Amino acid sequence: MGVRIIMSEPTNKLRSLSEAAKLVKDGSTICLVGRTGRANHPMAFAYELVRQRVKDLTIIAVNNGLSVDLLCGAGCVRRVETSCVGLEEFGLASNFRRAVERGEVEVAEYPEDLVTPRFYATAHGMPFYPVRGLLGSDILKYNEDIKEGISPIDGKPYSALPPARPDWVVVHAPIGDTRGNVVFFLGAGYSPVGELEATRCTKNNIITVERIVPDDQISKYIPTQFRRSYLPTIPEFRTRVIVEAPFGSHPSSLTGVTEADTEFIEMYAKAGRARLKGDPESWESFLDKYVYGCGTHSDYLELVGAGVLAKLRDVGGDLI
Amino acid sequence: MGVRIIMSEPTNKLRSLSEAAKLVKDGSTICLVGRTGRANHPMAFAYELVRQRVKDLTIIAVNNGLSVDLLCGAGCVRRVETSCVGLEEFGLASNFRRAVERGEVEVAEYPEDLVTPRFYATAHGMPFYPVRGLLGSDILKYNEDIKEGISPIDGKPYSALPPARPDWVVVHAPIGDTRGNVVFFLGAGYSPVGELEATRCTKNNIITVERIVPDDQISKYIPTQFRRSYLPTIPEFRTRVIVEAPFGSHPSSLTGVTEADTEFIEMYAKAGRARLKGDPESWESFLDKYVYGCGTHSDYLELVGAGVLAKLRDVGGDLI
Amino acid sequence: MSDLQPTKWEIMAAIISHEIKDGEVMFLGMSTGGITMLLHTYVPGVGLALARRTHAPNCAITSTDSPDMERILGDDMKVISGANIYLGEIDIGLSSCAQVDKYGNQNIVCIGDYHKPSVRLVGPILQPTHLAYFKREIIAVDHEARNFVDKVDFISGVGHQDLGPKSRESIGLPGTGPCMIMTDLCVFDFPLGTRTATLKWIYPGVTVDEVRENTGFVHDYMPERVPEAPLPTQEEIRLIREELDPDAALLPRS
Amino acid sequence: MSDLQPTKWEIMAAIISHEIKDGEVMFLGMSTGGITMLLHTYVPGVGLALARRTHAPNCAITSTDSPDMERILGDDMKVISGANIYLGEIDIGLSSCAQVDKYGNQNIVCIGDYHKPSVRLVGPILQPTHLAYFKREIIAVDHEARNFVDKVDFISGVGHQDLGPKSRESIGLPGTGPCMIMTDLCVFDFPLGTRTATLKWIYPGVTVDEVRENTGFVHDYMPERVPEAPLPTQEEIRLIREELDPDAALLPRS
């Protein structure tokens, strides 16, 4: 009897932004891990979800801002599970505010330190994550997913958080290869804890990166100043698809690569505020121009302008 | 009104091995984080506990071996909470075996992956750590600290592990300073997860190190080959006392610093086996010679012999 | 040499300094720039540095949002890592809110009915955890009447509540809760007997009427005359102006 | 050219190879050297490499205790990181024990009464978790009568138990439990009907009597003639001897 001799062929997980976004069906639960307000948001992916007019999303978000606000403002969201949606120095997230105030979006409230533990619980096979820090707060009153129980160890009350079960986790990172290996850079006081915890709770991870580098050569493309540090990674085993999206966090920043585009965010926030106050025109223009009017992410980057983008690259980014 | 002007004076946490061991009272619960069998055990500290004839210890141990076996063999232990006590290629841990078979030491059984979560639970304020992987096993039958409950989230049964509440955590590491800052080196496939998780659940950490280096200069003393990596650390805030104990893991290894002394362990294991079979003489000689007969850790090292010790240093150790 | 007159910010920094005991660890919440940065980061940061220079050389902070401040204060701003919230290793927290009530309950989630709010705010962020685990909390709020309400619309930070016979401890919270409300007009504390906000000090030039007009809840204790806040000593003012913040980069001089 | 005769180790490696489906992830337990290393590390390691060279090019292993083996097998031993035990991402585990019963329950904790054991063993290590979460488990045991008991003294790895109407699933275990017991004489499996150990294959030269004498539990199915284990093909033997393990550093040739 003969034996088939087959050499292992690593799977090419590279997809277009549009193909990747099509994975997210109406009514899905997705995890968008941006960092408070305007850092490290997978914005290119969020824009693409808007373009594809995805509806009724449930978004699990760590301290969030731009990405959730955009999706709320475009009518893609039914529910947000989060500790925060805000735009930091640019004020409240007006689209999120408006959607919640009109009852269009419901919120499940979690404190900041209990968002990633919901991923931890899933990744560790815990049936729930028991805590005591919520006793007495109205989070227990209004978040109906959190249940009260009595500890079998000490007989005292506790609150049980539900493990996070996202259909898809979406993360933006600096570099990756077509097999789905991904590397993050580090910034002052920053490590991508939320991103890593979230990607560990599923294999349905959609990773957008600034640049796809040749397979097995990822370490060559790490900028010199980061090479002396341990860098957080996502192993290929955990990546479902990977997408090349340069400036894929714009207008938010990407640690070690791109600064936030504060002028753009100012314009964005102003449009949201006007709409909240009853004047929807500038918000609709924003969507028409930067989202629906752009067939692809490249069109968007062209609109933003190469000159503007070049100024946003920080030291690590120069080398990408 | 005058104001006292006082400049901050960092606390000197350096203590002798004997002073540090005196912190552990009879009946205490201590956590000894060795790595399976014969790696990274805080042996100098364990010997000193024997010298001080500490009694009735409860030991919380991750996969363990030499240190628990020694303390069982010297009659210091009442109870062990662990996933494993064994000597790897040197066979079963005879002193642990004997003590358990004679009913002198009781064991609380935990699987390997559920030992460090007990530290995680304490460090994260969890009232208990809920799991499902024990259903059907006799661990639930015989470990009375693990309680059964019904999840308030899905209504199905789970097991609640008690958080670890050690009075003291003892860890051996390569280098540290008098303020209590400590650095671990890395080995193939090794990171000191158990050590770090354990030290995070209390401030009562006793750290023994191969070498005390000048304050604020710890990074200078990291051997070159480790400098390109992120190295795990214990911050001074978590250290109660620090002790200089060169070859403080002997005869177990210390990752990146010292190889295991396999001849010594062979001799040790043989003495334990003989005692288990009813011939206590060689075990008693071992204790008399290497523990009671040594006033200090230096005496012990002298007995082992400088020539033997020198051969055990591996590449990282040369630079210590 | 004439006496140095402290600014409002210096008075607040000194009050925070005096609140910190030696060896204590402070935790600051997130700031978003502007006046918030001043009230929630620079004032307590300078307060901590002042404490380290005077009576509490071993106090420390876990982190700040401001690398600039850490650079300016240098060794006077001891930043430590590894303090554990859940083990009660944070002694003093500092946070803000959109609403606070007389029990010290705080709200940063919404104004109005939760399901149909008139204003949806950012969300709870870390506030529930501050108020559950930190040994004590300083609530720092701009003194506007709408911020001081009889009952907050959403308890995102648990104060002393209206617990009746129940204490915070009885409901399972390890921290002792808010120890003061510090505003730009005055300081309230929560005396052990009533555990309700009681006007403790007003800053120089502020009147009780002014406080009353700008406070939306009724105080159990609101006398005609309230002690003026203890002012920083000449030496403390000198330390702030000459050594800690010589360029007035953190605390404005007026 | 005469036919290559497979060794016992090659037969076992090929059986493991055939058990692995393409894309599957294998997890090996801890080995402590000697014969254990051969049975629990080298045999399954070569089995995996053989699967990758033949029908399962995308199977992988999470880690091994043997950097030497990983070096020898090179690209044929795909080691992946990031597979999650609790999410069911391990397809096949391999573990040993001091006792196994006919339901595939395993024991590595003690022999005799738990509170007064005649032999205290190492403890459960990772076995409970293997048997709870891995999709299926290969139990690899030296074939001695004392290792095969009617009822294990301590269930540290949950097999198909004597659950009566209850299934593993009904008690909340996501993995499907042991799929085979592989010894140095034979292979048992657990057919769906009875879920009790049933002699499936014996190796060339081994008799049913020999198995019976060395097996301490009663089989529901122990016929006079049991099929001989499927032998590796000539090409598989060639791959092992010429390409995977040319120096016989892993599997002894006799």
Side-chain angles (χ1 to χ4, degrees), chain B residues 36-38 61-65 68-69 72 80-103 105-115 131-143 148 151 154 156-159 187-189 276, chain D residues 29-34 36-37 63-65 67 70 79 81 85-86 98 105-134 152-161 163 166-175 177:
Chain B
T36 311
R38 55 193 188 82
V62 190
N63 272 2
N64 203 292
V68 169
D69 189 68
C72 286
V80 184
E81 304 181 6
T82 191
S83 54
C84 168
V85 181
L87 298 183
E88 298 189 82
E89 67 266 44
F90 305 98
L92 293 173
S94 300
N95 289 301
F96 166 73
R97 252 194 82 171
R98 180 175 179 273
V100 176
E101 290 167 13
R102 293 162 61 100
V105 163
E106 67 175 44
V107 184
E109 320 283 346
Y110 291 92
E112 186 176 337
D113 56 323
L114 295 181
V115 176
V131 301
R132 290 215 155 119
L134 295 175
L135 299 169
S137 87
D138 280 346
I139 289 180
L140 294 184
K141 189 166 163 187
Y142 292 112
N143 184 333
E148 297 182 64
S151 162
D154 66 12
K156 293 179 186 162
Y158 71 90
S159 320
L276 180 69
Chain D
M30 195 168 59
S31 288
T32 54
T36 322
M37 198 71 167
S63 71
T64 78
D65 269 354
E70 291 177 27
V79 180
S81 65
I85 290 176
Y86 310 102
N105 296 309
Q106 293 174 77
N107 173 20
I108 45 171
V109 170
C110 64
I111 305 299
D113 175 65
Y114 177 74
H115 293 290
K116 277 275 184 186
S118 61
V119 183
R120 168 68 204 197
L121 302 164
V122 288
I125 51 174
L126 197 64
Q127 197 174 68
T129 306
H130 279 234
L131 273 297
Y133 288 104
F134 296 173
V152 296
D153 293 321
F154 188 107
I155 299 175
S156 51
V158 180
H160 303 290
Q161 294 208 339
L163 287 168
K166 284 203 279 186
S167 64
R168 283 174 53 88
E169 203 182 339
S170 76
I171 60 169
L173 296 175

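No experiment lies behind these values; they were computed from the predicted model shown.
- Top candidate by heavy-atom pairs under 4.5 Å with chain B, chosen from D/S63, D/S118, D/P174, is D/S118.
- Of the two parts of B/V131, neither the backbone nor the side chain holds a non-hydrogen atom closer than 4.5 Å to a non-hydrogen atom of chain D.
- Here B/P111 is the residue among B/P111, B/G91, B/A93 with the most heavy-atom pairs under 4.5 Å with chain D.
- Distance check: B/E106 CD to D/H115 NE2 gives 9.0 Å after rounding to the nearest 0.5 Å.
- A donor and an acceptor atom, one from each side chain of B/D113 and D/Y86, are located under 3.5 Å apart.
- Within the 4.5 angstrom heavy-atom criterion, only backbone atoms of B/R102 (N, CA, C, O) approach chain D.
- Highest contact tally toward chain D, considering only B/T82, B/V100, B/L114, is held by B/V100 [criterion: heavy-atom pairs under 4.5 Å].
- Of the listed residues (D/L126, D/V158, D/I125, D/L121), the greatest number of heavy-atom pairs within a distance under 4.5 Å of chain B belongs to D/I125.
- Taking every heavy atom of both residues into account, D/R120 and B/E101 meet most closely at N-OE2, 2.7 Å.
- When the candidates D/A132, D/G175, D/P117, D/G157 are compared by the number of heavy-atom contacts under 4.5 Å with chain B, D/P117 comes out ahead.
- Residue B/L135 touches chain D through both its backbone and its side chain, counting heavy-atom pairs closer than 4.5 Å.
- With a 4.5 Å cut-off on non-hydrogen atoms, B/Y110 touches chain D through its backbone but not through its side chain.
- Only the side chain of D/Y133 comes within less than 4.5 Å of a heavy atom of chain B; its backbone N, CA, C and O stay farther away.
- Between D/P124 and B/E109 the shortest heavy-atom distance is CD-OE1, 3.3 Å.
- Of all heavy-atom pairs between B/I139 and D/P128, the closest is CD1-CG, 3.7 Å.
- Note that CG of D/L173 is 9.5 Å distant from CG of B/L134, once rounded to the nearest 0.5 Å.
- For D/V119, the parts sitting under 4.5 Å from any heavy atom of chain B are the backbone and the side chain alike.
- Of the candidates B/N64, B/L92, B/L87, B/L92 is the only one forming a side chain to side chain contact (heavy atoms under 4.5 Å, CB included) with D/V122.
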